[in-house]
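Numbers restart at 1 for each chain; the letters A, B, ... are given by sequence-line order, proteins then strands.
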Protein chains: 2
Amino acid sequence: MVDSSNYTSSKFAMPKLKFSRRKLLATASLAGLAPVIANQATAGHHSKKAKATLKKGGVMLFQGDSITDAGRNKKDPKPNQQKSFGKGYAWMAASQLLISEPNHKLTLHNRGISGNKVHQLAGRWEKDCLELKPDVLSILIGVNDIWHGLNGKYDGTVKTYEDDFNALLVRTKSALPKTQLVICEPFALKCGAVNDKWFPEFDKYRAAAKKMAQVHQAVFVPFQSMFDEAVKYAPPNHWAGDGVHPSPHGASLMAHFLLHSIQVS
Amino acid sequence: MVDSSNYTSSKFAMPKLKFSRRKLLATASLAGLAPVIANQATAGHHSKKAKATLKKGGVMLFQGDSITDAGRNKKDPKPNQQKSFGKGYAWMAASQLLISEPNHKLTLHNRGISGNKVHQLAGRWEKDCLELKPDVLSILIGVNDIWHGLNGKYDGTVKTYEDDFNALLVRTKSALPKTQLVICEPFALKCGAVNDKWFPEFDKYRAAAKKMAQVHQAVFVPFQSMFDEAVKYAPPNHWAGDGVHPSPHGASLMAHFLLHSIQVS
């Protein structure tokens, strides 16, 4: 059962959703949002912000699409190992946590899969999230939800994205009520594969992700605001050659911002 | 004149050193060290540590060799710009500071030059450090001081390194008494060009750098300890292919540790 106290509306309580459920989702208004605890991109480097906490022995899971996947070896994935983490922001953040805090005995997993949209996360959520019982769950999803639509490969809209994302988070909080959520803002840099067709539609996906962070009391990591600031110092393709997949410099920046949303205690 | 109160021994006061001065340096004992404020690699991610402080409008300079240079464009170097910073740890750290703290109007410089040993820093110190008047000065130097010796290209010893480094820091504190020093530990990973000939001699260079941090009240960034921990999670060549020059993952890790030695206020 869903503990409705965790949610803005118990209408979102759908703990056993299936792959094809997205057209069936509740369409309740998200008016009356929970207090906003989303971070601001321009918040101080060491200012007090809402943070997720990893205690000694804590477990963290990175979830998402190719940006999170970053070429990880998916056969027999092991926690805390580079090959199972790929070479993206998730590995940079994870390795920095592990190396900074060797006495904390953290267990860090990556289960991002290239090409995923929200409903594909849902299709593998039991095994690739709930069974891992993360104390902190970071999700970065949304670029394929719009991109595959622009390519004519997918008929989902921003409403599909928001509804699917909401259902996934309701399901997660139902199964793992103590898990702290970190929702990363999907982002696009104006270069490579990212053209004018993306806008202003993409901004709605970003807003939906932020709304999900608000509704589900998640920490929000404002990657788009971060990259909007970053392009003042180097061109967009320095941070992400195709506008979507970060370079090591884009990934390092993401890891830095993500880690400022997490405290180890 | 040198304000000897800043130094353990006024014998180190040599404000106007020249390129060839290294054989002339004082050889005073470094016994009676200032209290150790060096950081520990295993200190907590958010624990209280000695940190250098960058205030609004602050200036920081990254100095060193090829690891700091990282392919920067040296013609007409501009602060805060990627092309003038290259693609190494210095740029990762600088960009993370700039983008996290857009309201602080920081001015960040990179003046690392590939192949440099300490005496070569000294040879260009007036223009490439003192004239820039940094509030925070980060120095990473030492790999070439041993490497070029192993290659038969240089006759300096660890004593040369320590004496030269000491003189450079005395000179810096004399000209810029308010500048906060950050001394980065030279490091080597056991792969690529780093073979058994490096050890145990290289450990003495590391110890000398740490001693310099202690003597000159610098914040110490323990990169070797960091990489020693890092190789538990990925092989040495993941962090630095030739054992000396960090990969983007090694650079990102360095930026992370360096930034934990700096606070913005």
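Counting all heavy atoms, side chain and backbone alike, A:Leu61 lies closest to A:Asp128 at CD2-O, 3.3 Å.
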Which is it for B:Arg111 and B:Asp69 under the salt bridge (Lys or Arg N to Asp or Glu O under 4.0 Å) test, yes or no, and what are the steps along the way? CA-CA 7 Å; B:Arg111 291 293 186 279; B:Asp69 180 333; over 6 Å; no
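Proximity of a side-chain donor or acceptor of A:Ser247 to a complementary backbone N or O of A:His238 within less than 3.5 Å is detected.
Contacts of A:Lys232 with chain B are made by backbone atoms alone, with heavy-atom separations under 4.5 Å and no side-chain atom involved.
Counting heavy-atom pairs closer than 4.5 Å to chain B, the top-ranked of the candidates A:Trp91, A:Phe227, A:Phe85 is A:Trp91. When each of A:Ala251, A:Ala230, A:Ala94 is scored by its heavy-atom pairs under 4.5 Å with chain B, the top score falls to A:Ala230.
Using cut-offs of 30° and 60° for the angle between ring planes, the B:Tyr89 and B:Phe223 rings count as perpendicular.
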